[in-house]
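Lettering follows sequence order; numbering is per chain, from 1.
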Amino acid sequence: MLSGMPPATANTSTAPTIARDVLGILRLPAPQAAPLLIGCELEAHGVRARIVETEAYHSEADLACHAARGRTPRTEPLYAKSGTLYVYLCYGLHQMLNLVCDVEGTPSAVLIRAIAITAGEDVARERRQNLRTPLARLANGPGRVAQALALNRNHNHSGLELGQAICPLKLHPASSRPPLANGGRIGVAYAGPEWGAKPWRWWERDFPVAGRAS
DNA sequence: CTCTAGATCTAT
DNA sequence: TAGATCTAGAGG
């Protein structure tokens, strides 16, 4: 154990170590990574926000996961290495931001369902075209998340990897571990009783508007 | 080629 | 409570 440890003096900058730790969360299967991502912060295009609600989609066996029907051009990023972005269009209108998890070749991802803006509120409000709503409601809902962060599959954000220079999205570690709650995933009743009811949604327990459908 | 059902959001 | 708006995937 000690033989593998670098000398203390080698660790002059902690930033790369911390970044590696956060990305390490994504190496876990999505159902394990999803709760650990609550409290972490996302930053993109001038907006920074704490993740307050996540949802896991895991494996081709999961009938609610897009990979349930196998590998296709759209779902290709789901099979890529952890830290890859999977962004897709839902209902013809909304962009959904997912962070790919687990080992390469295993389709597994966490949908970011809600974030709490911590910096860049004015920019986020402009993008959301909403100057009045309470801050907590500005980006609660997966479509709102991508809009606030200005992430969009039309801008080729799907398939990019966290940590690469061209990737506009950064993931920062959690500064605290808030109490969590969990429950069933939203809008996946079509996946049948088993997969439709899996309690694979997690949220920050005390966040005002997390943990509900709206 | 056509058809249809979405991991939703907003205003009425 | 319905309308917006588009595309992947299935079926012909």
Side-chain angles (χ1 to χ4, degrees), chain A residues 26 29-35 37-38 42 47 49 51-80 84-102 106-117 124-159 169 182-203 208-214:
Chain A
L26 300 179
Q32 284 177 252
L37 286 172
I38 308 287
L42 291 174
V47 171
I51 299 172
V52 296
E53 185 172 0
T54 58
E55 214 165 64
Y57 291 85
H58 182 75
S59 86
E60 294 183 346
D62 179 2
L63 296 181
C65 181
H66 286 171
R69 277 174 284 194
R71 208 161 174 150
T72 67
R74 180 180 62 155
T75 61
E76 194 59 32
L78 281 176
Y79 292 80
T84 299
L85 273 55
Y86 173 53
V87 183
Y88 74 94
L89 184 65
C90 185
Y91 293 106
L93 300 169
H94 307 293
Q95 309 287 331
M96 304 278 137
L97 169 64
N98 294 257
L99 302 181
V100 173
C101 297
D102 212 328
T106 297
S108 189
V110 172
L111 170 69
I112 308 301
R113 286 197 61 89
I115 55 178
I117 310 289
R125 284 193 183 279
E126 198 171 326
R127 290 190 186 129
R128 294 272 305 112
Q129 299 193 300
N130 198 324
L131 302 178
R132 306 168 131 258
T133 202
L135 186 56
R137 305 190 137 218
L138 192 58
N140 67 320
R144 298 167 179 174
V145 167
Q147 194 180 17
L149 295 172
L151 294 172
N152 193 309
R153 87 192 288 283
N154 302 319
H155 291 273
N156 297 316
H157 291 141
S158 192
L169 182 67
N182 75 301
R185 295 180 290 182
I186 300 293
V188 297
Y190 66 88
E194 182 190 352
W195 296 99
K198 280 229 182 282
W200 280 0
R201 182 166 57 109
W202 287 265
W203 61 91
V209 294
R212 54 196 82 179
S214 72

*Asks:* Under 4.0 Å: is that the gap between some side-chain N or O of A:Arg153 and OP1 or OP2 of C:dC6?
*Replies:*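 The answer is no; no side-chain N or O of A:Arg153 sits under 4.0 Å from OP1 or OP2.
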
*Asks:* So that I can compare with my own list, what are the stems of DNA chain B, taken as at least three consecutive Watson-Crick or G-U pairs with distances under 3.5 Å?
*Replies:*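 Correct response: B:1-6 with C:6-11, B:8-11 with C:1-4.
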
*Asks:* Below 4.0 angstrom, which residues in residues 84-101 of chain A have at least one non-hydrogen atom near DNA chain C?
*Replies:*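 Result for residues 84-101 of chain A: A:Leu89, A:Tyr91, A:Gly92, A:Leu93, sorted by number.
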
*Asks:* Could you check whether A:Arg185 gets within reach of a base, just the sugar-phosphate, or nothing at all, counting any heavy atom under 4.0 Å?
*Replies:* nothing

*Asks:* Are A:Arg128 and A:Gln147 close enough that a side-chain donor and a side-chain acceptor fall under 3.5 Å?
*Replies:* yes

*Asks:* Counting only N and O atoms by type, is there a donor-acceptor contact under 3.5 Å from the side chain of A:Arg201 to the main-chain atoms of A:Glu55?
*Replies:*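 Answer holds: no.
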
*Asks:* With centres under 5.5 Å and planes under 30° as the test, does A:Tyr190 stack with B:dA5?
*Replies:*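 Per 5.5 Å and 30° rule: no stacking.
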
*Asks:* What distance, rounded to whole Å, do you find between the two C1' atoms, one in C:dT5 and one in B:dC3?
*Replies:*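 Here C:dT5 and B:dC3 have their C1' atoms 16 Å from each other.
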
*Asks:* Check this for me: does the side-chain of A:His66 come within 3.5 Å of the base of B:dA7 through a donor and an acceptor?
*Replies:*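 Counting by modelled atom types and ignoring angles, a donor-acceptor contact under 3.5 Å is found here.
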
*Asks:* Before you tell me yes or no, could you show the steps for A:Glu53 and A:Asn140 under side-chain contact (heavy atoms from CB on, under 4.5 Å), namely the whole-Å CA-CA distance, both residues' side-chain angles and the distance that decides it to 0.1 Å?
*Replies:* CA-CA 8 Å; A:Glu53 185 172 0; A:Asn140 67 320; 5.9 Å; no

*Asks:* Does A:Asn152 offer a backbone N or O that forms a donor-acceptor pair with the side chain of A:His157 under 3.5 Å?
*Replies:*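 Yes, A:His157 side chain to A:Asn152 backbone: donor-acceptor pair under 3.5 Å.
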
*Asks:* In whole angstrom, what separates A:Arg71's CZ from C:dG9's P?
*Replies:* 13 Å

*Asks:* Can you tell me how far OH of A:Tyr86 sits from OG1 of A:Thr75, rounded to the nearest 0.5 angstrom?
*Replies:* 6.0 Å

*Asks:* Are A:Trp202 and A:Arg113 side-chain neighbours, meaning at least one heavy-atom pair lies under 4.5 Å?
*Replies:*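 The answer is no; the side chains never approach within 4.5 Å.
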
*Asks:* So does A:Thr72 get a side-chain nitrogen or oxygen closer than 4.0 Å to the phosphate oxygens (OP1/OP2) of C:dA8?
*Replies:*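 Checking C:dA8 against A:Thr72, no side-chain N or O comes under 4.0 Å of OP1 or OP2.
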
*Asks:* Is there a side-chain contact between A:Val188 and A:Leu63, using heavy atoms and a 4.5 Å cut-off?
*Replies:* no

*Asks:* May I ask you to evaluate whether A:Arg128 reaches the phosphate of B:dC9, defined as a side-chain N or O under 4.0 Å from OP1 or OP2?
*Replies:* no

*Asks:* Look up atom CG in A:Leu111 and atom CE in A:Met96, then write down how far apart they are to the nearest 0.5 Å.
*Replies:*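 One finds 7.0 Å between CG of A:Leu111 and CE of A:Met96.
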
*Asks:* Please test A:Leu138 against A:Arg125 for side-chain contact (heavy atoms from CB on, under 4.5 Å), starting from the C-alpha separation and ending with a verdict.
*Replies:* CA-CA 7 Å; A:Leu138 192 58; A:Arg125 284 193 183 279; 3.6 Å; yes

*Asks:* B:dA7 P sits how many Å from A:Trp200 CH2, rounded?
*Replies:* 16 Å

*Asks:* To the nearest Å, how far apart are A:Ile112 CD1 and B:dT8 P?
*Replies:* 14 Å

